[in-house]
Amino acid sequence: MSKKKRLKRIVEAIAEMGAGKFYYHIEKSSKKDSIDALISGINMMAEEIGEALLHEGYVNSNETIKHIVLMNFIIDLDGNVKAVNQQACDILFYNCLEIVGGSFDNLLNKRSTPKWKRHWDMLKNKKMLDTSIALTFKTKSGLLLPSACYINKLGGKKNGEESIIVTVVKHSKRQVELEEYLIAKENNKKESSKKNNPLTLMDNRQKVKLSSSDVIKIREVRDYFMDNLEMDFPPIKEIALEFGTNAFKIKYGFKELYGVSVFRFIRNERLRKAKMLVQGSNISFKKITQLCGFKSVPSFSATFKNEFGYTPKELRRKFLAENP
C-alpha cells in the first residue's frame, strides 16, 4: 500500500471517529515506518475511546446493557449474500446491490478470508448450528472493522433451500446517571405502613445514602486512579481526606457505582491498559510493568496470564502473527 493511500485511510478513520464511530481500524503495512506507528496509535486510540464510552466503570444494577445489531447477512449454501440490512451497507460504504449476490468472503480482509472458508466447510455439513467467529470486515474505502459474528444455521427447508444468518452485534453499556437514579428512588418510595415496620426502619438505617456531591467525589477518585495507574497509591483513608470524603463512602460508592471493590477496579484498569500496550506498541514488558503500576515483571506476567490466558510475550507474538 502506497504512502498516499495509507495517509488517506488515516484521514478517513479520523473522520469516522469525529462522527462518533470508533469501531473502525486502519490496516497496517509491512513497512514498519512512522506512518505505521501513527496507524497503531490511532487504532489504539479508537479502541481506548470506544471502551471508555462504554466503560463508565464496571457497573451493576444501575447499568443498562443494550445489544445492538450492527449488520445482518443472509447467506446461501454457495456462500453468496442473499440479503443484507441497510445499516451493514452504510457501515461498509457499499450500495446494497453491490453486496447482494456477491460472495460473503469478498467483504472480509485477507486474513479473515481463509478463516471464514475453514469455518464455512463446517457450516455446510451441519443441519443446525449456532456458533460464533471473530472476523474482520473491510469497507469499500479500505478501513477495517473487527467484529464478533454470531452464526445461525436454521433447521428445516423451504423449496429445497437452506440459509445461514450472520449477525454482527455490538454490546453497548450505558451508565444510568446515579443522581437521576437516587432522585427516582426517593420519589418512588412507598408511603405505606412499611415506614413503621421495625425491620424496614433497621434496613433503611443501615443503607448508606449517597448525595450527588458524594457521587461527584467518587468519580473524581475514579479519574485520579485512571490517570495515575503507574503510582503506588496511598491508603484509601489518605485519598478520602484529599478529596474531602471518607474511606467508607469511597469503598461503598465504588461497589454501588462500578460493581467492584476499589482494589479490583484499579487492578482491572491496570490490566486493561497493559493489554493495550502489549498489543499496540513495541514498548518493553519492563516498561509496561512500570507504566501500569505492577511491582515486578514476573508478578505482572503471572497476573496478566491469569486474566487473559496468555503471558504478555505470548499475546504480543499472537497479535503480531495475526496483524503482520
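Nothing fancy with the numbering, it's 1 onward along the sequence.
For the pair Glu322 and Lys318, the salt-bridge criterion is met [side-chain N within less than 4.0 Å of a carboxylate O]. Salt-bridge annotation for Glu98 and Lys140: present, with a side-chain N of the basic residue lying under 4.0 Å from a carboxylate O of the acidic one. Using a 4.0 Å cut-off between charged side-chain N and carboxylate O, Asp76 and Lys82 make no salt bridge. The pair Glu307-Arg267 meets the salt-bridge criterion, since a charged nitrogen lies less than 4.0 angstrom from a carboxylate oxygen.
Proximity of Arg316 to Ile288: side-chain heavy atoms (C-beta onward) are separated by under 4.5 Å at one or more points. Annotation: side chain of Tyr224 is in contact with side chain of Phe243 (closest heavy-atom distance under 4.5 Å). Considering only heavy atoms from C-beta on, Phe73 stays 4.5 Å or farther from Ile165 through its side chain. Side chains of Arg272 and Asn268 form no contact here, defined as non-hydrogen atoms less than 4.5 Å apart. The closest side-chain heavy-atom distance from Arg219 to Leu257 is below 4.5 Å. Side-chain atoms of Ile151 and His119, non-hydrogen and from C-beta on, do get closer than 4.5 Å to each other. Ile218 is listed as a side-chain neighbour of Phe254, based on a closest heavy-atom distance under 4.5 Å. The shortest distance between side-chain heavy atoms of Ser141 and Tyr94 does not fall below 4.5 Å.
Few gaps surround CG on Asp121; more than 12 heavy atoms of other groups in view lie less than 6.0 Å from it. Shown here is Tyr310, whose OH atom has no more than 12 heavy atoms of other residues, nucleotides or ligands within 6.0 Å.
Here the closest non-hydrogen pair linking Leu143 and Ala13 is CD2-CB, 3.9 Å. Between Pro312 and Ser301 the shortest heavy-atom distance is CD-OG, 3.6 Å. Across every non-hydrogen atom of Leu277 and Cys292, the tightest pair is CD1-SG, 4.1 Å. Nearest heavy-atom pair across Leu229 and Ile266 is CD2-O, 4.4 Å. Residues Ala134 and Lys115 share a closest heavy-atom pair of O-NZ, 2.9 Å. Shown here for Thr311 and Phe304, the closest heavy-atom pair between the two residues is C-CD2, 3.9 Å.
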Should Phe265 and Arg222 be marked as a side-chain contact (heavy atoms from CB on, under 4.5 Å) after you check the CA-CA gap, both sets of side-chain angles, and the distance that decides it? CA-CA 9 Å; Phe265 179 87; Arg222 176 203 66 185; 3.3 Å; yes

Between Asp232 and Lys295, is a side-chain contact (heavy atoms from CB on, under 4.5 Å) present by the stated rule, with each step listed? CA-CA 9 Å; Asp232 188 8; Lys295 299 295 184 185; 3.3 Å; yes

One pair to check against side-chain contact (heavy atoms from CB on, under 4.5 Å): Val81 and Ile74. What are the steps and the verdict? CA-CA 6 Å; Val81 179; Ile74 298 179; over 6 Å; no

Decide yes or no on ring-ring contact (aromatic ring centres under 6.0 Å, His included) for Phe285 and Phe300, but give the supporting numbers first. CA-CA 9 Å; Phe285 300 130; Phe300 163 57; 7.3 Å; no

Show the numbers, then the answer: is there a side-chain contact (heavy atoms from CB on, under 4.5 Å) between Glu12 and Thr139? CA-CA 11 Å; Glu12 289 168 347; Thr139 71; over 6 Å; no

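For the side-chain contact (heavy atoms from CB on, under 4.5 Å) with Ser112, the lone residue among Leu107, Ile133, Leu135 that qualifies is Leu135.
Between the side chains of Asn72 and Thr167, a donor-acceptor pair is found at a separation under 3.5 Å. For the residue pair Asn306 and Thr303, no side-chain donor N or O sits within less than 3.5 Å of a side-chain acceptor on the partner. Residues Ser211 and Asp214 have side chains that bring a donor and an acceptor to within less than 3.5 angstrom of each other.
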